[in-house]
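Every chain is numbered from 1 and lettered A, B, ... according to where its sequence line falls, protein lines coming before strand lines.
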Amino acid sequence: MKKYPQKKEKNSLPGEEKNSSEAAKPASFFEVVYKLVRKVPKGRVTTYGAIAEAAGIRLSARMVGWAMNGAGRVRPAVPAHRVVNRNGMLSGKQHFATPTLMEELLAQEGIIVKNDKIENFKAVYWEPGSPKTKSKK
DNA sequence: TTGTTGACCGAGT
DNA sequence: AACTCGGCCAACA
């Protein structure tokens with residue numbers, strides 16, 4: 001008998017919750033994070049903090065990382081390789097299928113990675129919710 | 001059940 | 001300048 005998890009937990013990470021009828025309000029920032037990351041244009045990168053802030057959880061940027069943990073199993077696939085830390089370092093590359101996958105993916109998009117760090121990080125940095133003409137800050 | 005860790009960020013020392 | 005600590009939420013032991 002399983003006495004461990006008593007929660008309704010089926011698979012550890014969300015993103016595949018049951019869609020009874022409609023996602024009224026999952027309230028899971030995981031989905032919000034996925035959506036935001038998916039919005040990242042090709043050849044562009046963003047940071048966990050930026051996503052967290054866009055998701056409304058600036059203080060919980062760490063959770064964004066956890067959310068990315070399930071990004072590999074969520075459909076459509078989330079370009080987690082476009083998400084780096086504040087230093088522009090590929091901190092999560094170790095969590096990919098292969099530690100070099102992230103670099104290669106970025107390289108394919110024209111992003112130059114040097115020593116696990118993105119060159120011209122500021123140039124390729126993309127801010128979620130900014131592509132629009134909305135400049136309110 | 002409690003306690004620790006975590007793909008982070010920011011401030012303080 | 002480098003290191004330490006706090007904070008948020010969730011999953012794991």
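Among the heavy atoms of the strands lying under 4.0 Å from A:R62 is at least one base atom, whether or not backbone atoms are also near. Nucleic acid contact for A:A80: base, since at least one base atom lies under 4.0 Å from a heavy atom of the residue.
Going from atom CD1 of A:I57 over to atom C1' of B:dC9 covers 12 Å, rounded to whole Å. Look at CE on A:M63: it is 12 Å from C1' on C:dC12, rounded to the nearest Å. The distance between atom CD of A:E53 and atom C1' of B:dC9, rounded to the nearest whole Å, is 11 Å. Spacing between atom OH of A:Y125 and atom P of B:dC9 amounts to 10 Å, rounded to whole angstrom units. Residue A:M89 contributes atom CE, which lies 9 Å from atom P of B:dC8 at whole-angstrom precision. To the nearest angstrom, C1' of C:dG7 lies 11 Å from CZ of A:R58. Between A:L106 atom CG and B:dA7 atom C1' there is a gap of 13 Å when expressed in whole angstrom units. The separation between A:N87 atom CG and C:dA2 atom P is 12 Å, rounded to whole Å.
With no hydrogens or angles considered, no side-chain donor-acceptor pair links A:H81 and A:E104 at under 3.5 Å.
One N or O on the side chain of A:N85 and one on the backbone of A:N87 form a donor-acceptor pair closer than 3.5 Å. Proximity of a side-chain donor or acceptor of A:Y125 to a complementary backbone N or O of A:T47 within less than 3.5 Å is not detected.
You'll find that the side chain of A:M68 is closest to B:dA7, out of B:dG6, C:dC8, B:dA7. Considering only the side chain of A:H95, B:dA7 comes nearest among C:dC8, B:dA7, B:dG6. Comparing C:dA10, B:dG6, B:dC9 against the side chain of A:W66 picks out B:dG6 as the nearest.
Side-chain contact between A:V45 and A:V40: absent, with no pair of heavy atoms (C-beta onward) separated by less than 4.5 Å.
Only the P atoms considered, C:dA2 is 23 Å distant from B:dA7, to the nearest whole Å.
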Please determine whether salt bridge (charged side-chain N to carboxylate O under 4.0 Å, His left out) holds for the pair A:R82 and A:E109, giving the CA-CA distance in whole Å, both sets of side-chain angles, and the decisive distance to 0.1 Å.
CA-CA 10 Å; A:R82 293 184 189 147; A:E109 308 204 342; 2.7 Å; yes
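OP1 or OP2 of B:dG10 sits under 4.0 Å from a side-chain N or O of A:R86. Side-chain nitrogen and oxygen atoms of A:S60 include none within less than 4.0 Å of the OP1 or OP2 phosphate oxygen of C:dG7.
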